4 protein chains.
Amino acid sequence: MIDGCPPGLPLSEADIQPELDRRKPGTSRHVTQRKEPDTVEILSGVYLGVTTGTPIALLIRNEDQRSKDYGNIAESFRPGHADYTYWHKYGVRDPRGGGRSSARLTAPVVGAAAIAKKWLNQQYGTVFKGCMSQLGDIEVPFQDWIHVHDNPFFAASGDAALIARMEEAMDELRKAGDSIGARIDVIAQNIPVGLGQPIYDKLDADIAYAMMGINAVKGVEIGAGFKSVAQKGSVHGDSLTPTGFIGNNAGGVLGGISTGQDITVSIAIKPTSSIRTPRQSIDMDGKPVMVETFGRHDPCVGIRATPIAEAMLALVLMDHALMHRAQCGDVHVTTPNIAPPASPTSR
Amino acid sequence: MIDGCPPGLPLSEADIQPELDRRKPGTSRHVTQRKEPDTVEILSGVYLGVTTGTPIALLIRNEDQRSKDYGNIAESFRPGHADYTYWHKYGVRDPRGGGRSSARLTAPVVGAAAIAKKWLNQQYGTVFKGCMSQLGDIEVPFQDWIHVHDNPFFAASGDAALIARMEEAMDELRKAGDSIGARIDVIAQNIPVGLGQPIYDKLDADIAYAMMGINAVKGVEIGAGFKSVAQKGSVHGDSLTPTGFIGNNAGGVLGGISTGQDITVSIAIKPTSSIRTPRQSIDMDGKPVMVETFGRHDPCVGIRATPIAEAMLALVLMDHALMHRAQCGDVHVTTPNIAPPASPTSR
Amino acid sequence: MIDGCPPGLPLSEADIQPELDRRKPGTSRHVTQRKEPDTVEILSGVYLGVTTGTPIALLIRNEDQRSKDYGNIAESFRPGHADYTYWHKYGVRDPRGGGRSSARLTAPVVGAAAIAKKWLNQQYGTVFKGCMSQLGDIEVPFQDWIHVHDNPFFAASGDAALIARMEEAMDELRKAGDSIGARIDVIAQNIPVGLGQPIYDKLDADIAYAMMGINAVKGVEIGAGFKSVAQKGSVHGDSLTPTGFIGNNAGGVLGGISTGQDITVSIAIKPTSSIRTPRQSIDMDGKPVMVETFGRHDPCVGIRATPIAEAMLALVLMDHALMHRAQCGDVHVTTPNIAPPASPTSR
Amino acid sequence: MIDGCPPGLPLSEADIQPELDRRKPGTSRHVTQRKEPDTVEILSGVYLGVTTGTPIALLIRNEDQRSKDYGNIAESFRPGHADYTYWHKYGVRDPRGGGRSSARLTAPVVGAAAIAKKWLNQQYGTVFKGCMSQLGDIEVPFQDWIHVHDNPFFAASGDAALIARMEEAMDELRKAGDSIGARIDVIAQNIPVGLGQPIYDKLDADIAYAMMGINAVKGVEIGAGFKSVAQKGSVHGDSLTPTGFIGNNAGGVLGGISTGQDITVSIAIKPTSSIRTPRQSIDMDGKPVMVETFGRHDPCVGIRATPIAEAMLALVLMDHALMHRAQCGDVHVTTPNIAPPASPTSR
């Protein structure tokens, strides 16, 4: 359910489906082989091809769920999963498909964000881009966004040898019944200056909330991130010139408010918790057991995470664009915006 | 203003002042020499020594503000500061002391959190600890919490040579009119299992929001954080045994819900933006200018950040403790809690 | 979608359907003859017969919508309807079935409230009752709750002549193509003392919000309501005695917090806006037109409003019960509760 | 604290003080004789005479509190007061001045609303008016707004005999140590069409919430209110013509959204609960006691309620104006607004 979308935005399933297709399973041998077409239907909120301003309901059906795949885990707790915490919190556990903790619940996020992306693009020319910058211990140096769709990893690299090395690493992992983490970078280009709030709705705080809320994310950086620790102030602080900022260590956010530069975010995704390798655990009575996870799982959930991270960023930015219009809709300053909406072609 | 605090909690200024004293300026030569006693008064919400359940108002006065220190920056934008973004957002800028973007606004956070810390401690024996684990490019290996208060950096290290090296580095920076970043680690011990929500109030998402909302923070990690990227699933997933989890890569959160283990968080703090070194910038008309910042600034805002990060963690955990009681106040499970409230003595 | 329901509550469609049946169309000749079975399905949040603590999705399908019934109104604005306001707000208008302003959207409210009613009943023995106390200018003096289900009006009266008079009045209205308003009274019995907040979540304020949010409601009273205006303080203020309050002019709320007495609420429902009688209006260009509404409408929407008003009250009380447990879950006082949970049999 | 106010609004204490003066005690012999100057100071959020967009803190000090006046009520529960409910909710009771349940807390509401009134007036020419339409059983027929400030009751009547009768009634009550209720009508003129939401933020629901949240309010009506019950649909539904609506039974709200007509609201205020007449009650142990209230109380709190009700309406409307701009800031329709911003001179 998307509530609060501005009325009058042209919208159909064709605006949303391509984003879902980027995230869906089964696109290469390196991701889960579940057959989920993730076809989206718009149930409400659109009339004669435009949004009505009332809630937009999207429906994405589960098609290939096999509940039996999960039968053997109902009586024990899988390491790295939410089984133990749900059980203690609620005293009830619905083992079918991971329930609320399933990564499947990122599909509606991607669907909803397709609408935010379209609106932001129409308003400001905003564009979202994302890539994998690390797969396990393999770093993937950024070359150009143009490569992202030419390999199964969302790598912004045209280095065929590197891609081959990534493929091999994934094939080995799959054979070994193990999994690996990934680092994903996403950016938003052509964002207006002024989105965010000083304290309670800081733009970077809301981005961190959204990103850390993606399944399996364990770390979030904005701009220089953890590299800031070793930077000197004279290096980190992005200087201003009449023709633009020099550098973007800020990642497009200063004091909780967008600078108009690219918003740059990086996230750490842990290795998939569902692996075939047997591990120690306990059962519902606290007795020791060994747990193996069958079913069809991604050996690296990070591979499909790029569109999800873009989606989260888009949702946060659209919320802030509307909030900003609410409070500051008639502010005009004569000072030039030095980070104008001219899209850079690379990070 | 703290609204929603449970009634009946014994509370006086003496519970709050020590936390404020840990954060206040002027405690060593390595932090700002402003003389802010940060004395707290409780204005409401306490009667006959206990909380009444109605809002608690804390008052902390500014004592040593020298507005003239900021006079020279009213007409230009300091790199790394919120000047440019505030100006474009609001079309108005109050240059006195940084306004809403001042780090001074972390004082009330620390004050409020002192109440949360006391309540959590009474309910669950919860204890908060924090330390600096990196100062610029100097890593500070963890030895024991006992050392944190024996040096001006909140370093959990008894290595006198290391501390001396840190002091030298700070002295050099100060002379050079430059600044540096820091990494801070905080933990919460003795947290009940079950705090958090599956999707919209994930405990880790709320922690990320709170931490990224601290001034100058550019990165947040929970548990293994960015190290997860290179971990295999067989390594990262913390095994369960009848006597406890093996490892805490999860940082005490699985599926957005606390495991009962220590909550472990790490943050990156950028170098102070206010430095004496002249830098390029523009004025209100977009013309190039050079900016130097005088006034009395911390050469490493990270030094005073440890109590602030602990405070943010405490506020998030208390909110979640109350939310959990609302929904799940009568849940009982017979499965043993394998991460029981027995406090570890180190990380 | 119901989020935040405590886990472990036994729940099936059989708990919800009877409430929907009380509200559904077609139960007498005095209400709309649309054939909406309003059959509810639980899609999520229940496993093995109990709530899981995760969101409960209810699905109620539209079965008998005839969009053509509304075709003739797409180009003009019906008096008393939201057509004009939606059009000016959104610049887009979806004329099918009233869209978001349709009274049909009270069905999910009734469905959700069935869950709240069950939980409140299990926790506190809470019981909800409602009746029509006025139909147009016909006052319906309260006799006994027992009569409510013995007539098509939810009248708490066994006066056959009065019921006959109401039936006649409705038959005349229907012939005349006109409509009429109603007053509905609802109460909640066996509510614990202490629900509510002093200022921002006052129980009575939240009840007023919920009631005024029901389609067609134009007035809300709690306790003595507008009769309080002419009461003296010595009469209005309900005295306290060791065996209970004397009177309930407060309607069970003092200072925004429940007293433990019955919560009593009365609402005014305007006459149905969709009537066959032609009326003056304007079209989309502002030109004068005459508007008649065909389709199958309730000549008194108030007739079906009793279960809706009960539902709104139940939802507010359940929210407050959980909020109260969050903040005050461990408060104990030795002062006796003089409005104990012993259900009165009448108002 | 007012957060979210648009920046750039010229603001000083002189904009706020007159509203506070309308509400303050001691303006005639018919209200409490407490000497509260209610002088307001702006502590933050204003720089060089305009709002900065950051939180505006207003300070109004208590000057004439005599805590001893309340000493005798600490051990028993006053009928009609929140004593009993606070005690059971919190297990702690701060008897000084009514605490959070004091009508004194309406002063900041009036202060904050002065800012909303100014902004709404600048944007839309919005004007707020209010009057007392009933004092106990004395009805006060509306004549003209011009009279409101010519008598101590906010009566919109120039009927000297009627005013005299009201004065006598109040003098008698004061002698008798009793109190009485009142009905207050407020309107907002020159409100744009389109404020509100279809379901969760209905304008009328939010108004009802705000009004019922005022101390001592027991009923709220919008437009025809409870008179709607006896109206036929052909009478109630306000017809539309090219030159305006015919009638305003809707009270300016249809489907939760403003029509552009005057918003008209009526509220019932119960008699003051603090009266000298002794009444039955119980003490903290549940034992019977007699309670008399000394101190200086309004014999009709309704007399000072007019500016408070206006204030609540202004706050709701401003919130909705900003929310509307967020979502629908660029909607344009060519259909004429038939309730244009030309202020009527009477109700």
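To find a chain, count down the sequence lines: A is the first, B the second, and so on, and within it residues start at 1. Quick caveat: nothing in here was measured; it's all calculated off a predicted structure.
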Visitor: Of the non-hydrogen atoms in A/Pro198 and B/Tyr90, which two are nearest, and what is the gap between them?
Guide: CD-OH, 3.2 Å
Visitor: Please report the shortest heavy-atom distance between A/Gly225 and B/Ala268, naming the atom on each side.
Guide: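 Closest approach of A/Gly225 to B/Ala268, heavy atoms only: O-CB, 3.7 Å.
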Visitor: Using a 4.5 angstrom heavy-atom cutoff, name the option from B/Gly255, B/Pro271, B/Gly177 with the most pairs to chain A.
Guide: B/Pro271
Visitor: I'd like to know which of A/Leu203, A/Thr277, A/Thr259 tops the heavy-atom pair count under 4.5 Å against chain B.
Guide: A/Thr259
Visitor: Counting distance only, does the side-chain N/O of B/Asp178 pair as donor-acceptor with the main-chain N or O of A/Gly233 below 3.5 Å?
Guide: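 Between the backbone of A/Gly233 and the side chain of B/Asp178 there is a qualifying donor-acceptor contact (under 3.5 Å).
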Visitor: Measure distances from A/Val331 to the heavy atoms of chain B and classify the residue's part below 4.5 Å as side chain, backbone, both or neither.
Guide: side chain
Visitor: Using a 4.5 angstrom heavy-atom cutoff, name the option from B/His324, B/Arg279, B/Gln134 with the most pairs to chain A.
Guide: B/His324
Visitor: Among A/Ala230, A/Gly223, A/Gly237, which has the most heavy-atom pairs under 4.5 Å with chain B?
Guide: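 Option with the greatest count: A/Ala230.
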Visitor: Before you tell me yes or no, could you show the steps for B/His81 and A/Leu254 under side chain to side chain contact (heavy atoms under 4.5 Å, CB included), namely the whole-Å CA-CA distance, both residues' side-chain angles and the distance that decides it to 0.1 Å?
Guide: CA-CA 6 Å; B/His81 271 280; A/Leu254 284 173; over 6 Å; no
Visitor: Any chance you could lay out the side chain to side chain contact (heavy atoms under 4.5 Å, CB included) test for A/Asn215 and B/Lys202, step after step, and finish with the verdict?
Guide: CA-CA 10 Å; A/Asn215 307 45; B/Lys202 279 185 175 170; 3.9 Å; yes
Visitor: Going from NZ on A/Lys287 to OG1 on B/Thr241, what distance comes out if it is rounded to the nearest 0.5 angstrom?
Guide: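 Nearest 0.5 Å value for the NZ-OG1 distance: 14.0 Å.
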Visitor: Under a 4.5 Å heavy-atom cutoff, which of A/Val92, A/Ile199, A/Val253 has the most pairs with chain B?
Guide: A/Ile199
Visitor: Between B/Ala182, B/Ser273, B/Gly286, B/Gly91, who has the most heavy-atom pairs with chain A when the cutoff is under 4.5 Å?
Guide: B/Ala182
Visitor: So, taking the atom named CD1 in A/Ile282 and the one named CD1 in B/Ile338, what distance separates them when rounded to the nearest 0.5 Å?
Guide: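 These two atoms lie 4.5 Å from each other.
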Visitor: For A/Met212 and B/Ile222: C-alpha separation, side-chain torsions, deciding distance, then whether side chain to side chain contact (heavy atoms under 4.5 Å, CB included) applies.
Guide: CA-CA 9 Å; A/Met212 196 67 92; B/Ile222 291 179; 3.9 Å; yes
Visitor: What part of A/His332 lies closer than 4.5 angstrom to a heavy atom of chain B: side chain, backbone, both or neither?
Guide: neither
Visitor: If you take all heavy atoms of B/Lys89 and A/Gly194, which pair is closest and at what distance?
Guide: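 For B/Lys89 and A/Gly194, the tightest heavy-atom pair comes out as NZ-O, 2.8 Å.
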Visitor: Select, from A/Val193, A/Asp137, A/Asn249, the one with the greatest count of heavy-atom pairs under 4.5 Å involving chain B.
Guide: A/Val193
Visitor: Rounded to the nearest 0.5 Å, what separates atom NE2 in B/His236 from atom CD1 in A/Ile275?
Guide: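 Output value for this atom pair is 11.0 Å.
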Visitor: Taking all non-hydrogen atoms of both residues, which atom of B/Thr85 and which atom of A/Ser258 are closest, and how far apart?
Guide: CG2-O, 3.4 Å
Visitor: Among B/Thr334, B/Thr335, B/Ile207, who wins on heavy-atom pairs under 4.5 Å with chain A?
Guide: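 The residue among B/Thr334, B/Thr335, B/Ile207 with the greatest pair count is B/Thr335.
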Visitor: For A/Ala321, give me all partners under side-chain contact (heavy atoms from CB on, under 4.5 Å), at least two apart in sequence or on another chain.
Guide: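 Result, side-chain contact (heavy atoms from CB on, under 4.5 Å) vs A/Ala321: A/Trp119, A/Leu120, A/Tyr124, A/Leu195.
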Visitor: Please check this pair: side chain of A/Ser239 against backbone of B/Ser281, looking for a donor-acceptor N/O pair closer than 3.5 Å.
Guide: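 Looks like no, no N/O pair under 3.5 Å.
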Visitor: Could you tell me whether the side chains of A/Tyr84 and B/Asn337 share a donor-acceptor contact shorter than 3.5 Å?
Guide: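 On atom types as modelled, these side chains qualify, holding a pair under 3.5 Å.
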Visitor: For each of B/Asp201, B/Ile138, B/Thr272, B/Ile180, tally heavy-atom pairs with chain A at distances under 4.5 Å, and name the one with the top tally.
Guide: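 Top count of heavy-atom pairs under 4.5 Å with chain A: B/Ile180.
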Visitor: Enumerate the residue pairs fulfilling salt bridge (charged side-chain N to carboxylate O under 4.0 Å, His left out) with a member in residues 210-238 of chain B, sequence neighbours excluded, ordered by first and then second residue.
Guide: B/Arg183-B/Glu221
Visitor: Need one label for A/Ile267: side chain, backbone, both or neither, based on atoms under 4.5 Å from any heavy atom in chain B.
Guide: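 The answer is the backbone of A/Ile267.
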Visitor: Using heavy-atom distances under 4.5 Å, tell me whether A/Ile214 contacts chain B through its side chain, its backbone, both, or neither.
Guide: backbone
Visitor: In terms of heavy-atom proximity below 4.5 Å to chain B, should A/Ile269 be classed as side chain, backbone, both, or neither?
Guide: backbone
Visitor: Is it the side chain or the backbone of A/Ser274 that comes within 4.5 Å of chain B heavy atoms, both, or neither?
Guide: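 Nothing of A/Ser274, per the 4.5 Å heavy-atom cut-off to chain B.
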Visitor: Name the option with the most non-hydrogen atom pairs under 4.5 Å to chain B; the candidates are A/Ala205, A/Ser266, A/Pro242, A/Pro336.
Guide: A/Ala205
Visitor: Taking the side chain as every heavy atom from C-beta outward, state whether B/Gln280 and A/Leu240 have any pair of such atoms under 4.5 Å apart.
Guide: no
Visitor: Do you know which of A/Gly251, A/Gly196, A/Ala216 has the most heavy-atom pairs with chain B at a distance under 4.5 angstrom?
Guide: A/Gly196
Visitor: Between B/Val333 and chain A, with a heavy-atom cut-off of 4.5 Å, which part of the residue counts as in contact: side chain, backbone, both or neither?
Guide: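 When you check distances to chain A, only side chain atoms of B/Val333 fall under 4.5 Å.
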Visitor: Can you tell which part of A/Phe245 gets under 4.5 Å to a heavy atom of chain B, answering side chain, backbone, both or neither?
Guide: side chain
